[in-house]
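Notes for the one structure printed next.
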Amino acid sequence: MLDIRIIRENTDKVVDALKKRGEDPGILDKILEIEKERRDLLRIVEEQRQQRNSISQQIGRLKKEGNDASHLLEEAKKISDAMVSNEESLRELEIKARQELLLIPNIPHDTTPAGRDENDNIEVRHWGDVPGFDFEPKNHWDIGEDLGILDFERAGKIAGARFVIYNGAGARLERALINFMLDLHTGEHGYREIMPPVLVNREAMTGTGQLPKFEEDLFKLDESDAKGYLLIPTAEVPVTNIHREEILAEKDLPIYYTAYTPCFRREAGSYGKDTRGLIRQHQFNKVELVKFAKPENSYDELESLTANAEEVLKRLGLPYRVVALCTGDIGFSAAKTYDLEVWFPAQAKYREISSCSNFEDFQARRADIRFKKEGKKGTEFVHTLNGSGLAVGRTLAAILENFQEKDGSVIIPAPLVPYMDAEKMSN
RNA sequence: GGAGAGGUGGCCGAGUGGUUGAAGGCAGCCGCCUGCUAAGCGGUUGUAGGGGUCAUACCCUACCCAGGGUUCGAAUCCCUGCCUCUCCGCCA
């Protein structure tokens, strides 16, 4: 959520931001109109309240002294009656203003490259050598099925399309990756491990920006119940909302959290995309990194968070590149985003495995997460950041494809050997 | 699921219709005093919105879980919701 004052006083800047994102700046017209009405009415209402309060106080004083106050009572009643409809209109305008405000995306940071779509994203750096094969590399789903460690067919029977059963060494590899990532981030990168609810309420989803605009991407427990629980599409939601409506102490910042959770996405509108394999599932595992930072160094925090996610790929020996998303491709809530893309030999393509973003105060304003500066009056909104560290299923898929052998076996990367108690997977 | 109790400032806690943003205490901050520590004395300390100012000062409005209602006036009365605690039941 943007500061309404920026929209009011710096309209040009917001219009510019919307254009860069490829959005229609016309969405501002309505909110500016509502906002003007709201402010005009607010002044009237406050004036009326002031009058009423002062008369009421006089009444109190007179009554205490045993004097007659009937003439004032009459006057007060008149004012009070006149206020009713104004107060009601004001309430409605406040609700409407917020509804509109919640639909306006974040302003991209100056360093976010301008562009229309993913073709305008900029490669920032890459790491590792793309492996060469002296045989035709197989898809990860073929490798997994041949090894008997991934079972898409039976998952379809018990759940449907876009689900998988990890079997035997597959299940263990998934678990090994989760443990490896959590151990790395808690042990070496300074994150605190969190295990949050994976069902959340609407306020939490609104706080991080999934609602109200992206309802169709979410799974709900009870479609008919407006108050029903929603399944998280990412641990970003429950973990960022840990501090909702809190005022943090400056000395406690930055806060680093990491959490493993399953994630649930409807993938509405992606029919036909990645229909096979682990890339796009309705349920998948992810280890998430979340930071609460002070505004003045949130961009340094974004760099280090991205580096923390990259470290997972480096240790596993998976070739990847880092891409700065352009203004047309960054998410609704983000000001700047780096995607980490890992190499998939069978597709001969880099595919997204992590997305690391600085949301600045956009989520903090929605979720009301502030901090108090030492020795200063008032409060400031924190900056929130998060990134996948990493998407576990995609990491497993990348391992299968990059470390496959001609005989169909797969070499287990060294850091996972202790977790797997094995050096390779074969039939 | 059944029965009961309760939600007040950073914390504890008073307040049952009228200058109460809220007694008192603790903690914090500033100053005084005291040969260390401790104690003592005085002062001060919430958040948000609007107005105002170069910026302060200052003025107004709102906020005692949330949302409604009664009333000239609500922390205080009424209704609804949420949450917490205790007991019983059930349960991984």
Side-chain angles (χ1 to χ4, degrees), chain A residues 1-10 31-32 34-102 195-207 211 221-222 225-230 238 241-253 255 261-262 361 364-382:
Chain A
M1 186 161 74
L2 299 182
D3 187 346
I4 185 67
R5 273 175 298 204
I6 291 179
I7 297 176
R8 222 160 56 199
E9 293 159 21
N10 256 319
I31 190 162
L32 284 167
I34 294 167
E35 180 60 9
K36 168 138 183 35
E37 256 184 87
R38 184 188 72 83
R39 273 159 52 93
D40 290 345
L41 191 56
L42 179 64
R43 294 179 72 158
I44 293 167
V45 166
E46 288 196 342
E47 211 169 290
Q48 288 178 322
R49 281 176 183 161
Q50 192 183 340
Q51 280 179 43
R52 183 206 59 198
N53 288 349
S54 98
I55 294 174
S56 289
Q57 277 179 11
Q58 286 179 53
I59 294 170
R61 218 175 300 139
L62 287 174
K63 286 207 168 171
K64 210 176 231 173
E65 293 160 3
N67 293 320
D68 174 60
S70 51
H71 63 292
L72 283 178
L73 249 130
E74 231 172 86
E75 197 183 333
K77 176 102 178 106
K78 229 181 279 173
I79 295 172
S80 220
D81 287 346
M83 286 171 66
V84 171
S85 75
N86 281 342
E87 297 215 294
E88 196 184 324
S89 309
L90 183 64
R91 261 201 305 275
E92 282 168 14
L93 285 170
E94 280 168 352
I95 292 166
K96 264 167 50 184
R98 182 173 167 85
Q99 280 172 348
E100 290 299 315
L101 205 51
L102 287 173
M195 213 176 262
V198 301
L199 301 179
V200 301
N201 57 35
R202 302 187 72 87
E203 286 71 34
M205 288 290 190
T206 306
L211 287 181
L221 246 48
D222 182 353
D225 182 3
K227 287 194 292 185
Y229 292 121
L230 301 123
N241 277 282
I242 285 175
H243 295 298
R244 195 170 85 222
E245 286 162 40
E246 287 185 17
I247 299 172
L248 305 167
E250 184 177 20
K251 65 175 165 55
D252 293 336
L253 296 175
I255 296 170
T261 67
D361 63 6
R365 185 169 278 111
R366 288 175 163 245
D368 193 15
I369 308 169
R370 293 172 288 167
F371 75 103
K372 194 160 179 55
K373 274 208 166 158
E374 219 68 56
K376 267 186 90 177
K377 267 194 101 170
T379 57
E380 273 186 63
F381 288 109
V382 300

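Bear in mind the structure is a predicted one, so any value in this text is a computation, not a measurement.
- RNA chain B is contacted by both A/Arg61 and A/Ser80; A/Arg61 maps to the nucleotide lying nearer its 5′ end (nearest heavy atom per residue).
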I need a per-nucleotide contact map over nucleotides 48-55 of chain B, read 5' to 3'. Cutoff is protein heavy atoms under 4.0 Å; write B for the base, S for backbone only, - otherwise.
SBSS----
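- For the C1' atoms, the distance linking B/C33 with B/C41 amounts to 8 Å, nearest Å.
- Base pairing analysis places B/G42 opposite B/C30; the two distances defining the Watson-Crick or G-U wobble pair are each below 3.5 Å.
- Taking atom P on both nucleotides, B/A5 is separated from B/C59 by 45 Å, rounded to a whole Å.
- In this structure, A/Lys96 places its NZ atom where only 12 or fewer heavy-atom neighbours from other residues, nucleotides or ligands lie under 6.0 Å away.
- Between A/Ile55 and A/Ile247, it is A/Ile247 whose nearest contact on RNA chain B lies nearer the 5' terminus.
- Nucleotides B/C64 and B/A14 place their C1' atoms 12 Å apart, quoted to the nearest Å.
- Under the 4.0 Å criterion applied to side-chain N and carboxylate O atoms, A/Glu35 and A/Arg8 are assigned as salt-bridge partners.
- Regarding contacts with the backbone of B/A74, every side-chain N or O of A/Arg52 stays at 4.0 angstrom or more from both OP1 and OP2.
- In this structure, A/Leu73 places its CG atom 18 Å from P of B/G17, rounding to the nearest Å.
- A/Ile95 has its CD1 atom 12 Å from the C1' atom of B/G68, to the nearest Å.
- Put simply, CD on A/Gln50 is 16 Å from C1' on B/C72, counting in whole angstrom units.
- What separates CD of A/Gln57 from C1' of B/U19 is a distance of 5 Å, to the nearest Å.
- Atoms NZ (A/Lys63) and P (B/C72) sit 9 Å apart, rounded to a whole Å.
- With a cut-off of 3.5 Å on both pairing distances, B/A22 has no Watson-Crick or G-U wobble partner at all.
- A 3.5 Å limit on both hydrogen-bonding distances identifies B/U47 as the Watson-Crick or G-U partner of B/A62.
- Within 6.0 Å of atom CD in A/Glu65, more than 12 heavy atoms from other residues, nucleotides or ligands are found, so the atom counts as buried in its surroundings.
- In this structure, B/C36 forms no base pair with any nucleotide, since neither Watson-Crick nor G-U wobble geometry is met with both distances under 3.5 Å.
- Taking side-chain N and O atoms only, A/Asn53 has a distance below 4.0 Å to OP1 or OP2 of B/A62.
- B/U45 and B/A38 have their C1' atoms separated by 24 Å, with the value rounded to a whole Å.
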Check the pair A/Glu88, A/Glu92 against side chain to side chain contact (heavy atoms under 4.5 Å, CB included), reporting the backbone distance first and the verdict last.
CA-CA 6 Å; A/Glu88 196 184 324; A/Glu92 282 168 14; 3.7 Å; yes
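- Across all strands shown, B/U56 remains unpaired; no Watson-Crick or G-U wobble contact has both distances below 3.5 Å.
- Look at the P atom in both B/C65 and B/C12: the space between them is 14 Å, to the nearest Å.
- B/G6 is paired with B/C83 under the Watson-Crick or G-U wobble criterion, all donor-acceptor distances under 3.5 Å.
- Remark: C1' of B/G81 and CD of A/Glu203 are 12 Å apart, rounded to the nearest angstrom.
- In this structure, B/C90 forms no base pair with any nucleotide, since neither Watson-Crick nor G-U wobble geometry is met with both distances under 3.5 Å.
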If you apply the rule side chain to side chain contact (heavy atoms under 4.5 Å, CB included), what do you find for A/Leu93 with A/Leu42, and how did you get there?
CA-CA 10 Å; A/Leu93 285 170; A/Leu42 179 64; over 6 Å; no
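- Comparing the same atom, P, in B/A75 and in B/U8 gives a spacing of 16 Å after rounding to whole Å.
- In terms of heavy-atom proximity, A/Arg52 sits nearest to A/Ile79 at CB-CG2, 4.2 Å.
- Comparing the same atom, P, in B/G69 and in B/C63 gives a spacing of 13 Å after rounding to whole Å.
- A/Lys64 comes within 4.0 angstrom of no nucleic acid atom, judged by non-hydrogen atoms across all strands.
- Proximity note for A/Lys372 (side chain, C-beta onward) versus B/A62, B/U47, B/G73: the nearest is B/U47.
- One interatomic measurement links the two molecules: CZ of A/Phe371 to C1' of B/U47, which rounds to 16 Å at whole-angstrom precision.
- Atom NZ of A/Lys373 is surrounded by more than 12 heavy atoms from other residues, nucleotides or ligands within 6.0 Å.
- Residue A/Lys77 contributes atom NZ, which lies 8 Å from atom C1' of B/C72 at whole-angstrom precision.
- For B/A23 and B/G46, the P atoms lie 12 Å apart once the distance is rounded to whole Å.
- A/Glu246 CD: more than 12 foreign heavy atoms inside a 6.0 Å radius.
- Two residues are said to be in side-chain contact when any heavy atoms from C-beta on lie closer than 4.5 Å; A/His243 and A/Val382 fail this criterion.
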